[in-house]
Amino acid sequence: MTIQNYISNGFELVGKMAKDFKIGKKKHNVYVTYSDFDPNGKKGVYIIAFGNDVLKIGESENLKHRFQCYESHSGPTNAFIREGMKENQEYDIYFIECPHYKVGFAGVIVDSGINYKTVEKQLLRQYKDVIGNVPIWNKGIQ
C-alpha cells in the first residue's frame, strides 16, 4: 500500500521531518516543520512516509506533542524512529483528524467521537493483511 491509498481516504500532508546534524540545536538533531497547519491539540492518526513508501502509522492525542517527542524525548519508540532516519532526508507527515466532541449523557458531559487508537489499529491490520507485515517503523499491532 502506498501513501496514495491514504491520501485518497482523507490523509493530508501536514509537515516534514528530517535529521540534520549541521543545525545542531536539538538534542537528537531531528527537526519537524509544519505547512499551513496547526498541530497543537489535534487528535488523530498520522503516517510518516518517504516518497510513496509508508514507514509508520501512528496515533496521537496531540500531534504537536507527539512529534516533539520524536525530536527530543528518550524512549524506545522515539529512538527507534530516529535510528531509522537517514541524515538530510525529508520524511513526509500525513494526518487525518478524528472527530471528537462533548456530549451530555447520564447527567454528565463526556468525550465522544471517533477513537483515534481504534482507527490506527484497524489501519495497521489492513496494511498487514495487504502487505504481509506492518510498516518498517511500526513494531507491531498492539
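Throughout, numbering of the chain's residues begins at 1 and tracks the sequence.
Tyr70 carries Arg66 over the face of its six-membered ring, with the cationic atom under 6.0 Å from the centre and within 45° of the normal.
Note that the OH atom of Tyr31 and the CD atom of Glu71 stand 8.5 Å from one another [nearest 0.5 Å]. Ser112 OG to Lys102 NZ: the interatomic distance, rounded to the nearest 0.5 Å, is 10.5 Å. Here the CE-NZ distance, from Met1 to Lys128, works out to 15.0 Å after rounding to the nearest 0.5 Å. Of the inter-residue distances, the one linking Glu59 atom CD with Glu120 atom CD reads 5.0 Å to the nearest 0.5 angstrom. Remark: Leu63 CG to Asp38 CG distance equals 10.0 Å, nearest 0.5 Å. A distance of 7.5 Å separates OG of Ser8 from CD of Gln4, quoted to the nearest 0.5 Å.
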task = Before giving the answer on side-chain contact (heavy atoms from CB on, under 4.5 Å), spell out for Ile3 and Asp92 the whole-Å C-alpha distance, their side-chain angles and the decisive distance to 0.1 Å.
result = CA-CA 10 Å; Ile3 194 62; Asp92 295 324; over 6 Å; no

key: Ile48 and Phe67: CA distance, side-chain angles, deciding distance, side-chain contact (heavy atoms from CB on, under 4.5 Å) verdict   = CA-CA 11 Å; Ile48 301 173; Phe67 278 85; 4.0 Å; yes

request  = Please test Ile96 against Tyr6 for side-chain contact (heavy atoms from CB on, under 4.5 Å), starting from the C-alpha separation and ending with a verdict.
outcome  = CA-CA 9 Å; Ile96 190 164; Tyr6 299 97; over 6 Å; no

request  = Please assess Asn138 against Leu124 for the test side-chain contact (heavy atoms from CB on, under 4.5 Å), listing each intermediate value before the final yes or no.
outcome  = CA-CA 9 Å; Asn138 283 93; Leu124 285 167; 3.6 Å; yes

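Across all non-hydrogen atoms, the minimal contact from Pro135 to Val54 is CB-O, 3.7 Å. Residues Ile109 and Gly104 come closest through the heavy atom pair CD1-CA, 3.9 Å. Closest heavy-atom contact between Met85 and Ala18: CE-C, 3.5 Å. Of all heavy-atom pairs spanning Ile47 and Ile57, the tightest one is CG1-CG1, 4.1 Å. Looking at every heavy atom in both residues, Tyr94 comes nearest to Ile7 through CE2-CD1, 3.7 Å. Counting all heavy atoms, side chain and backbone alike, Phe11 lies closest to Val45 at CE2-O, 3.3 Å.
For CD of Gln89, the number of neighbouring non-hydrogen atoms (other residues, nucleotides, ligands) closer than 6.0 Å is greater than 12. No more than 12 heavy-atom neighbours from other residues, nucleotides or ligands sit within 6.0 angstrom of NZ on Lys117.
Taking the six-membered ring where the residue is Trp, Tyr34 and Phe37 present tilted rings, their angle falling between 30° and 60°. In this structure, Trp137 and Tyr91 have tilted ring planes: the angle between them lies in the 30° to 60° band.
Contact check for Lys139 versus Phe80: side-chain heavy atoms found under the 4.5 Å cut-off. Gln122 has its side chain out of reach of Gln126: every pair of non-hydrogen atoms, C-beta onward, lies at least 4.5 Å apart. A 4.5 Å side-chain heavy-atom check between Ile93 and Lys16 finds every atom pair outside the cut-off. No side-chain heavy atom of Lys56 sits under 4.5 Å from any side-chain heavy atom of Val134. Considering only heavy atoms from C-beta on, Val103 comes within 4.5 Å of Val110 through its side chain.
Residue Tyr116 forms a side-chain hydrogen bond (donor to acceptor under 3.5 Å, both in side chains) with just one option from Glu97, Lys43, Glu61, and that option is Glu61.
Hydrophobic clustering, with ILVMFWY side chains joined whenever heavy atoms are under 4.5 angstrom apart, keeps Tyr101 apart from Ile114.
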